[in-house]
Structure formats: C-alpha cells, structure tokens
Amino acid sequence: MPLTPTSRRRTLALAATLTLALGSALAAATPAAADKPHGGHCARQSKVAVPGAERQEVACLDDLTTAGTVASGHTNPNDWAGLNAPGTKNPSGVPGIQVDGYFPDTSTTNANHGWHHDSQFVIRVPDDWNGGLVVSGAPGVRGQYANDFIIGDWVLAKGYAFASTDKGNTGAAFYDDGSVPGGSIAEWNARVTQLTVATKRVVKQVRSRAPQGTYLFGISNGGYLTRWQLETRPDLYDGGLDWEGTLFRADGPNLLTYLPAALKNYPAYAATGDQAAHDAIIRAGFAPGSEFLWPFHETVYWDLTQRIYREELDPTFDGDLKAGIPFCAGGTPSCDADYDYAARPAAVKQAVASVQLTGKIGKPMLTVQGTLDTLLPPATDADVYDGLVDRAGSGALHRYYSVADGTHTDGLYAAFPDRLRPLLPCARTAFDDLTAWVEDGLQPPADGLRARPATGDLVNTCEL
C-alpha cells in the first residue's frame with residue numbers, strides 16, 4: 001500500500017532523526033559554499049532567487065533552529081522574547097538553507113541586519129525536507145524572526161520548509177508608513193500572500209518540486225493572518241492553525257470597542273476595588289477570574305494597543321497627535337480612555353471594514369485560545385469568530401479549542417504557574433491534528449473546552 005503524505009513525512013522524520021544522530025559531524029564539516037546538485041547538505045543553494053525580492057542573502061547552516069541561529073547571527077532573540085514559557089523544550093540540529101532578505105517597500109522601521117527596511121522575510125529549507133511548507137507572519141508588531149522559537153524550530157525538525165515575514169511594518173509606530181487608515185494592516189495580508197507565492201518558488205528551485213502541503217501557523221496578529229488568508233486566498237494553502245487571532249469587525253467587536261472600557265475603569269478598580277468599575281470591565285468582555293492579570297495588561301498591553309491601533313484606524317480622533325496620550329485619565333482631551341467607537345464617523349468603520357474578517361474560510365482551520373486571554377478575550381474574539389464561521393457556512397472546516405487557564409502570552413506562566421497554562425504545546429498538538437485531517441482524512445477532536453490537567457508537564461505537553 002502506498003504511503004499517505006503524512007505517513008511518508010513521519011517515515012522521513014524518523015529517518016532524519018537517525019541521520020542527524022549518525023551524521024551531524026559530517027554535515028558540519030561540509031563546505032558551506034559548495035552547491036551539490038545531486039543532493040546533500042544545502043544542495044542547489046545557488047539556485048535560490050526569491051521572486052520579487054529587492055535583496056536576498058543565502059546561507060548554508062549546520063542548524064536552522066534557534067539553537068544554532070542565535071550563535072550564527074541568523075535570528076534575533078529580541079523578536080521572540082517573552083512568547084514562550086521557561087522550560088519549553090525545542091528540537092535542534094536541523095541543517096539546511098536560510099534565505100534572508102526583503103521585498104521593495106518605502107517604510108524603514110525594521111532594523112534587523114542593520115537594513116532599516118520593512119518587508120523583511122526569512123525562508124528556511126531543511127536538508128531533510130518532508131515535502132511541506134509552513135508560512136507565518138509576526139505576532140504583534142514584531143520582526144520576521146518572532147516565530148522562530150515557538151513555531152520555526154518545531155516545524156523545521158519535522159522536515160517542513162518555514163517562512164516568516166515582518167508583515168511590512170514593525171514597532172509601536174507601525175501605523176506611520178504613509179498609508180491610508182487601515183492600510184498598514186492591509187499590508188500585512190499582502191505581504192503574507194507575497195511571501196507564500198515566493199517561498200513556493202524557492203522550494204521548487206532547491207528541491208525541483210513544489211510543496212505538497214502548505215500551511216499557515218500564526219499567533220495573535222499571526223492568527224488573524226491565518227484567518228484572512230484562508231478566507232481570501234485559500235487557493236494558496238491546504239490548512240491553517242489560528243492561535244488566538246485578532247478579530248477586526250466593522251460593526252464590532254474589535255480592539256477599539258472594548259479596550260477603552262478597561263482604560264477608563266481600571267484606575268478606579270486598582271485604587272479602591274470599585275465594584276462598578278470592575279463590572280464595567282467584565283461587561284466589555286474580559287473574563288471573570290482574569291483580574292489577577294489586569295495589572296500587567298494595563299501596564300504593558302491595554303494602553304499601547306488601544307492607542308496605536310486607534311491611530312492606524314482612526315487617526316483624526318486625536319488631531320495632530322501621534323497615537324494619543326499614554327496613560328491619560330478620562331476627561332483629558334484626546335484621551336483614548338474616552339474613545340467611543342460607535343460614535344466615530346463612518347470613515348472609521350470603513351477603515352476597519354477594509355481589513356475585517358468574514359468567517360468564510362475555504363480550507364480547514366483549527367483555532368486555539370485560552371480562557372484567560374486578557375488582550376483578546378474569547379468573548380470579543382474567538383467565540384465571535386467561531387460564530388462567524390458557522391454563519392458563513394464554513395463550520396465543517398473549523399474546530400475551536402478553548403483551553404482553560406491559557407492567556408495571551410505564555411511568558412506569564414512563570415509568574416503564575418498555579419493559575420495559568422502555556423498554550424504553545426496545545427497549538428503544536430493542534431497543528432499535528434490539522435495535518436492529519438488534511439492529509440489522512442482523520443477528523444480532529446470536537447470543539448469545546450479543554451480542562452487544565454491535574455498532573456503532567458504543562459509546559460511541553462497538551463492533549464486535545
């Protein structure tokens with residue numbers, strides 16, 4: 001009986017593990033500059049020509065994972081700092097080709113490599129390629145290496161080629177790229193599409209055949225990208241993993257409909273425990289039981305996120321100011337704590353509509369989100385998106401796993417190990433379920449809440 005794609009990949013992965021154990025020293029000794037058209041370490045690297053790229057740099061590396069790229073300078077740990085729980089175990093020792101570069105762009109916020117040029121990307125093709133490709137976009141407003149530790153290491157060790165983009169603009173001033181309201185976010189989607197098309201060509205250049213399976217895997221804004229691509233460009237992909245993706249809806253909810261309530265009411269709650277202020281935050285969508293996370297989010301996420309996304313989508317609210325006034329009190333002129341999305345002009349809703357999601361996905365997708373997400377609460381995000389998918393008639397292509405005690409950033413687990421649970425192992429399990437669904441027809445587990453296990457290694461294991 002012929003092997004299915006997944007079975008073939010598992011066989012190749014086992015062979016790759018044995019080969020690495022026996023031959024890593026030989027691989028390390030292979031001259032990096034050599035081009036080996038008949039196979040071997042970094043075969044056909046001279047064939048790489050990234051379509052549309054303005055700049056590319058090709059390297060033959062003994063290890064494409066962060067265990068090797070940190071030392072060799074082929075990643076930036078600052079891009080992925082704080083996204084994983086301490087104690088996360090990652091594979092290493094994956095030799096292959098890395099391509100760094102950028103596509104033409106006029107904005108210059110990304111300083112990686114000293115290039116000061118946006119639309120930077122990274123493409124990695126392991127020597128022991130399994131025939132698949134995983135594409136991602138950076139979460140938040142981070143650079144192209146943001147997913148290296150949480151996604152790249154793991155999928156590369158499985159044999160997938162891996163590509164990631166900075167989405168075309170980075171940093172807290174991502175909105176200031178000269179585009180119209182909503183244009184910076186719209187660029188994220190275009191850059192992921194651009195990188196996907198280009199990476200398929202690159203893989204074919206070095207492997208003489210196109211990827212047999214192409215998947216999206218993204219967290220936060222990267223989850224939004226997964227959703228958007230599967231809604232709008234499903235022809236390019238075979239499936240996607242949405243890990244707590246951002247939801248934009250012109251008629252709400254969106255970040256701008258619930259963050260102001262937190263900004264306006266949290267100071268009173270923090271100062272006196274004011275019950276009315278507390279209840280207003282809960283009514284806005286934040287989960288009961290998440291209160292212990294509010295101080296961190298008020299300091300780190302809520303204020304900054306509201307101001308920079310409001311500036312991107314509604315720059316006229318604060319006149320000539322750029323992203324308002326940090327940590328202002330309600331009643332202060334141009335203060336985002338008083339922002340009322342419903343009362344804003346139609347042009348604001350049109351800007352959100354230009355990047356909104358519909359739920360009409362065209363390929364299988366699994367969603368993972370924590371019940372204690374305190375930046376993108378389930379009540380204003382994943383719960384709503386799951387309903388959109390069902391109403392769009394795409395429910396048969398979607399599974400939604402609500403993970404008890406998960407929050408938006410796994411880095412917080414170390415501070416609250418008795419209250420939180422890392423989501424990374426759940427996202428990895430879900431990705432395996434996704435590929436088995438797509439390639440072997442194995443139905444993934446049913447939707448629903450996943451309780452916190454009483455025992456076990458929560459940092460590295462998760463059953464769905």
Looking at CG of D100 and NE2 of H113, how far apart are the two atoms once the value is rounded to the nearest 0.5 Å? 4.0 Å

Do you see a donor-acceptor pair shorter than 3.5 Å between the side chains of T246 and N221? yes

Would you mind listing every disulfide (SG to SG under 2.5 Å) that reaches into residues 69-183, with sequence neighbours excluded? none

Could D336 and R307 be called an ion pair, given the rule that one side-chain N must be under 4.0 Å from one carboxylate O? no

Please check if the distance between the ring centroids of Y339 and F317 is under 6.0 Å. yes

Is there a side chain to side chain donor-acceptor pair (under 3.5 Å) between E312 and S184? Walk through the geometry before answering. CA-CA 7 Å; E312 160 67 3; S184 300; 3.1 Å; yes

Between S220 and H408, is a side chain to side chain donor-acceptor pair (under 3.5 Å) present by the stated rule, with each step listed? CA-CA 8 Å; S220 194; H408 199 73; 2.9 Å; yes

Mind checking ring pair (Phe, Tyr, Trp, His ring centres under 6.0 Å) for Y301 and listing every partner two or more places apart, or none if nothing turns up? F296, H297

Is there a donor-acceptor contact under 3.5 Å from the side chain of R419 to the main chain of P417? no

Here the disulfide (SG to SG under 2.5 Å) pairs for residues 123-165, sequence neighbours left out, are none

Find the distance between CG (L216) and CG (L241) and round it off to the nearest 0.5 Å. 9.5 Å

Going from OG on S119 to CG on L195, what distance comes out if it is rounded to the nearest 0.5 angstrom? 10.0 Å

Full working for ring-ring contact (aromatic ring centres under 6.0 Å, His included) between Y160 and F431: CA-CA 12 Å; Y160 290 93; F431 183 80; 5.7 Å; yes

Selection residues 213-239 - residue pairs positive for salt bridge (Lys or Arg N to Asp or Glu O under 4.0 Å), sequence neighbours left out: R227-D242, R227-D381, R233-D235

Under a 3.5 Å cutoff, is there a donor and acceptor pairing between the side chains of T170 and T109? yes

Under 4.0 Å between a Lys/Arg side-chain N and an Asp/Glu carboxylate O for D166 and R142? no

Tell me whether S290 contacts the main-chain N or O of F286 through its side chain, where contact means a donor paired with an acceptor under 3.5 Å. no

With sequence neighbours left out, which residue pairs that include part of residues 435-464 fulfil the disulfide (SG to SG under 2.5 Å) condition? C426-C462

Y102: partners by ring pair (Phe, Tyr, Trp, His ring centres under 6.0 Å), with sequence neighbours left out: W115, H117

Hey, do the aromatic rings of Y269 and W294 have their centres closer than 6.0 Å? yes

Let's go through D177 and S107 carefully: what are the C-alpha distance in whole Å and the side-chain angles of both, what is the deciding distance for side chain to side chain donor-acceptor pair (under 3.5 Å) to 0.1 Å, and is it a yes or a no? CA-CA 6 Å; D177 64 351; S107 56; 5.1 Å; no

